[in-house]
*Asks:* 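Quick one: structure below, then a few questions.
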There are 2 protein chains.
Amino acid sequence: MFSKSCQYAIRAALYLAVHAVDGARIGVRELADKLEVPQPFLAKVLQQMVRGHLISSVKGPRGGFFLSERNQEVTLKQIVLSIDGPDAFTSCILGLPVCSGTHPCPLHFQAMAYREGLNYQLKYQAIGDLAQRISREEMNI
Amino acid sequence: MFSKSCQYAIRAALYLAVHAVDGARIGVRELADKLEVPQPFLAKVLQQMVRGHLISSVKGPRGGFFLSERNQEVTLKQIVLSIDGPDAFTSCILGLPVCSGTHPCPLHFQAMAYREGLNYQLKYQAIGDLAQRISREEMNI
DNA sequence: TTTGTAAAAGATATGCGGGTCCTTTATTAG
DNA sequence: CTAATAAAGGACCCGCATATCTTTTACAAA
C-alpha cells in the first residue's frame, strides 16, 4: 500500500506534531532513534518533506525539524500524495492498465469501496488533529 | 497491496476458469499473450500455483494448464495466501512491528476496516463463481 | 567573527522483487 | 518406439526502492 518512505514520512510527521511543540526542534538523530528507522534514509525522506512544504527545518545549533502552524494543517493524504504520488489510490488492484467503472476488473468495485473509505479518512485527517488523538490515547507511532 | 506475482496469479486463474473449459488446456504462450504479461515470468508463477494445488497442468503435446473441479473451488484468498503469504492482510499499514487492537497505530482501525472488507470478499469468492460473473458482464482480466 | 552544530546535497552501495534463459522431464500422438 | 511438444526446474541477470557515506551549506551562540 504505502512505500517505506511514505510510512516513515507519516510517522515522522506525527512524531513531530506530538513532540516538537512550543518552538522546539527535533534532529534526525532523535527522530530515527525513537521511530527505530535507519537514520540516513530518514534524513532523505525528511528533506524531501521539507522541499514539499510538509514540514519545516532550521540548520545550525539548536536546529532541527518541526511543524509550522501551516504544517499542522497538512493532511495525511497530502503526505501520501507528495511521497508516493497520485497512483497509490487509483491504480488497479490487479495491475491492469485500464480499469474503471465502465471497464472494471473483477475486483474493481470491492477494491474501490474500501480504498475510497481509507482515502476519505486520510483526506480529512490533519496532522495536528491526529497528534492530539495520539497523545490522548497513547498510541504507537 | 498485491505483488506482481500475485496479480498475475489471480488473473491467470480467472482466465483459465473462463477459457479452459470442457477439458481444454491452455499453454503459457497463449496465457501470457492474452494477459499481456512476460511469458517466462508467468511460467514461474504458474508452476508455483501448480505446486500449491491452485491450478492443474499436464505436460506434452496438447498439454497445458487448466482447472480441475477442485481447483474451481479455490478462493482468491487462497491464491493470495499461497503467493504473497499471510502478512498481506495483517501487517501494519505504517510498517510498525507491533500494531493491534490493544496497541494500535494511528491508522490501525481505519486500515482494518478497509482491509477486512476486501479480505471478506476474497475469502468467499471462488474462482469458478467469479468466472461466471466475468463472462456474464464481459469484464477485463 | 569565529566556532560548533545540524540540515542539505550528492554520490554510491545493496537486497530483492521482477524478469530472462537454458536444460531436463513428462506426455501423447503417430 | 519415436518424435514432437509443453511444462518443470535451475541458474542467472537487472532495476529500483531502500539504505549508506561524505562533503557542503546554513545558522546560532559566544
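Values reported hereafter were calculated over all heavy atoms of this structure, with side chains retained and with hydrogens, waters and symmetry mates removed.
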*Asks:* Write down the atom of G101(A), the atom of H108(A), and the distance for their closest heavy-atom approach.
*Replies:*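 Scanning both residues, the minimum pair turns out to be N-NE2, 3.6 Å.
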*Asks:* Quick one: CD1 on I26(B) to CG on D33(B), what's the gap to the nearest 0.5 Å?
*Replies:*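 Going from CD1 on I26(B) over to CG on D33(B), the span is 11.5 Å.
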*Asks:* Using atom CZ of F66(B) as one end and atom P of dA6(D) as the other, report the distance to the nearest whole Å.
*Replies:*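 Value for this atom pair: 15 Å.
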*Asks:* Give, for atom CD1 of I83(B) and atom CD1 of I10(B), the distance between the pair rounded to the nearest 0.5 Å.
*Replies:*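 I83(B) CD1 to I10(B) CD1: 9.0 Å, rounded to 0.5 Å.
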*Asks:* Rounded to the nearest Å, what distance is computed from the CD1 atom of residue I83(A) to the C1' atom of nucleotide dA17(D)?
*Replies:*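 After rounding, the gap between these two atoms is 13 Å.
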*Asks:* Step by step, work out the side chain to side chain contact (heavy atoms under 4.5 Å, CB included) result for L96(B) and R11(A).
*Replies:* CA-CA 10 Å; L96(B) 298 183; R11(A) 295 177 60 203; 3.2 Å; yes
*Asks:* Take V80(B) and F2(B), measure what side chain to side chain contact (heavy atoms under 4.5 Å, CB included) needs, and give me the verdict at the end.
*Replies:* CA-CA 8 Å; V80(B) 174; F2(B) 301 144; 3.9 Å; yes
*Asks:* Using atom CG of D33(B) as one end and atom C1' of dA6(D) as the other, report the distance to the nearest whole Å.
*Replies:*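 Going from D33(B) (CG) to dA6(D) (C1'), I get 16 Å.
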*Asks:* Going from CG on L54(B) to CZ on F65(B), what distance comes out if it is rounded to the nearest 0.5 angstrom?
*Replies:*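 Result: 12.5 Å between the selected atoms.
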*Asks:* Quick one: does NZ or CZ of R115(B) land under 6.0 Å from the six-membered ring centre of F89(B), within 45 degrees of the ring axis?
*Replies:*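 Ring-cation test returns no.
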*Asks:* Would you list the protein and nucleotides 16-20 of chain C atom pairs, both N or O, that sit under 3.5 Å from each other?
*Replies:*
{"residue": "dG18(C)", "atom": "OP1", "partner": "K4(B)", "partner atom": "N", "Å": "3.1"}
{"residue": "dG19(C)", "atom": "OP2", "partner": "Y8(B)", "partner atom": "OH", "Å": "3.4"}

*Asks:* Distance check needed: dA8(D) C1' versus I55(B) CD1, whole Å only.
*Replies:*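 I55(B) atom CD1 is separated from dA8(D) atom C1' by 12 Å.
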*Asks:* When you check the phosphate oxygens OP1 and OP2 of dA9(C), does a side-chain N or O of R51(A) lie under 4.0 Å from one of them?
*Replies:*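 Checking R51(A) against dA9(C): at least one side-chain N or O falls below 4.0 Å of OP1 or OP2.
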*Asks:* Report all interatomic pairs (protein N or O, nucleotide N or O of nucleotides 26-30 of chain D) with separations under 3.5 Å.
*Replies:*
{"residue": "dA26(D)", "atom": "O4'", "partner": "K59(A)", "partner atom": "NZ", "Å": "3.3"}

*Asks:* Please report the C-alpha distance between N71(B) and L16(B) in whole Å, then the side-chain angles of each, then the deciding distance to 0.1 Å, and finally whether the side chain to side chain contact (heavy atoms under 4.5 Å, CB included) criterion is met.
*Replies:* CA-CA 10 Å; N71(B) 294 150; L16(B) 290 178; over 6 Å; no
*Asks:* Round to a whole Å and report the spacing from CD of Q47(B) to P of dA11(D).
*Replies:*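 Rounded to whole Å, this separation is 13 Å.
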*Asks:* Please test T102(A) against S100(A) for side chain to side chain donor-acceptor pair (under 3.5 Å), starting from the C-alpha separation and ending with a verdict.
*Replies:* CA-CA 5 Å; T102(A) 52; S100(A) 62; 3.2 Å; yes
*Asks:* Check the distance between dA8(D)'s C1' and L31(B)'s CG and give it to me in whole angstrom.
*Replies:*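 Rounded to the whole Å, the gap is 16 Å.
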*Asks:* Report yes if a side-chain nitrogen or oxygen of S57(B) is closer than 4.0 Å to either non-bridging phosphate oxygen (OP1 or OP2) of dA8(D); otherwise report no.
*Replies:*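 Yes, because at least one side-chain N or O of S57(B) sits under 4.0 Å from OP1 or OP2 of dA8(D).
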*Asks:* Starting at atom CD1 of I26(A), determine the distance to atom P of dA7(C), rounded to an integer number of angstrom.
*Replies:*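 In whole Å, dA7(C) P and I26(A) CD1 are 11 Å from each other.
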*Asks:* Atom CG of L54(B) and atom C1' of dA7(D): how far apart are they, to the nearest Å?
*Replies:*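 Rounding to the nearest Å, CG of L54(B) and C1' of dA7(D) are 17 Å apart.
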